[in-house]
Student: 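Sharing a structure below in structure tokens format, with a few things to ask.
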Amino acid sequence: MAKPTGPTNVHVKQLIEALKKKSLESKAPIWMDIAEKLEGPSRSKVEVNLSKISEHAQDGGAVVVPGVVLGDGELTKTVSIAAYRFSKAAMEKIKKTKCKPITIEELTKINPKGTGVRILV
């Protein structure tokens with residue numbers, strides 16, 4: 001029999017359930033997409049560097065990383081970055097800029113419809 005894949009962390013499971021619920025309540029499919037990405041096996045977790053965020057984000061916009069933000073590169077734009085987790089190097093670089101690191105739960109409260117939010121994978 002195949003070993004089940006997916007998150008075993010209780011906090012990740014709670015986040016996934018909250019995102020699915022928010023998606024149904026607000027009729028915003030973006031939260032369901034993020035929940036599905038977090039639900040996958042750990043070997044396919046998302047890791048995004050700051051350089052990729054600078055490359056793909058719009059100045060003054062919001063970006064969601066359904067995984068870990070890593071500290072390689074520099075931020076050249078002012079964006080709100082929502083992620084499940086930030087590396088120590090990434091947090092130090094983000095704090096030096098005018099960017100705002102937030103959790104995915106905070107973003108769902110700030111922007112329940114998910115308008116103008118980009119998902120980076």
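All residue numbers refer to positions in the sequence shown, counting from 1.
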Student: What residues form a side chain to side chain contact (heavy atoms under 4.5 Å, CB included) with D72, not counting sequence neighbours?
Tutor: N49
Student: I'd like to check V121 versus P66 (side-chain heavy atoms, cut-off strictly below 4.5 Å). Are they in contact?
Tutor: yes
Student: Do M32 and L19 have side chains that approach each other closer than 4.5 Å (heavy atoms only, starting at C-beta)?
Tutor: no
Student: With sequence neighbours left out, write down each residue that passes salt bridge (charged side-chain N to carboxylate O under 4.0 Å, His left out) with K13, or none if nothing qualifies.
Tutor: none
Student: Hydrophobic cluster mates of L70, side-chain heavy atoms under 4.5 angstrom, ILVMFWY only, any path?
Tutor: V68
Student: Is there a side-chain contact between L120 and V64, using heavy atoms and a 4.5 Å cut-off?
Tutor: no
Student: List for me each residue that meets side chain to side chain contact (heavy atoms under 4.5 Å, CB included) alongside P29, sequence neighbours excluded, and say none if there are none.
Tutor: none
Student: Provide the full list of salt bridge (Lys or Arg N to Asp or Glu O under 4.0 Å) pairs with a residue in residues 51-60, sequence neighbours left out, each pair given once.
Tutor: none
Student: Could you tell me whether the side chain of V48 reaches within less than 4.5 Å of the side chain of V63, counting heavy atoms only?
Tutor: no
Student: With salt bridge (Lys or Arg N to Asp or Glu O under 4.0 Å) as the rule and sequence neighbours excluded, what pairs involving residues 107-121 come up?
Tutor: none
Student: If the condition is salt bridge (charged side-chain N to carboxylate O under 4.0 Å, His left out), which residues does E74 pass it with, not counting sequence neighbours?
Tutor: K93
Student: Heavy atoms, side chains only, cut-off 4.5 Å: are N9 and Y84 in contact?
Tutor: yes
Student: State which residues pass salt bridge (charged side-chain N to carboxylate O under 4.0 Å, His left out) with K37; sequence neighbours excluded, sorted by chain then number.
Tutor: none
Student: Please list all pairs passing the salt bridge (Lys or Arg N to Asp or Glu O under 4.0 Å) test where one or both residues lie in residues 22-35, with sequence neighbours left out.
Tutor: none
Student: Hey, what do you get for CD1 (I102) to CG (L107), rounding to the nearest 0.5 Å?
Tutor: 4.5 Å
Student: Determine the minimum heavy-atom distance between A28 and S23, stating which atoms define it.
Tutor: O-OG, 2.9 Å
Student: Output all residues satisfying side-chain hydrogen bond (donor to acceptor under 3.5 Å, both in side chains) with Q58, sequence neighbours left out; order by chain, then residue number.
Tutor: none
Student: Which heavy atom of T103 sits nearest to which heavy atom of A82, and what is that distance?
Tutor: O-CB, 3.9 Å
Student: Using the test side chain to side chain contact (heavy atoms under 4.5 Å, CB included), find all partners of Q14 that sit at least two apart in sequence or belong to another chain.
Tutor: V10, H11
Student: Between E17 and K21, is there a side-chain heavy-atom distance shorter than 4.5 Å?
Tutor: no
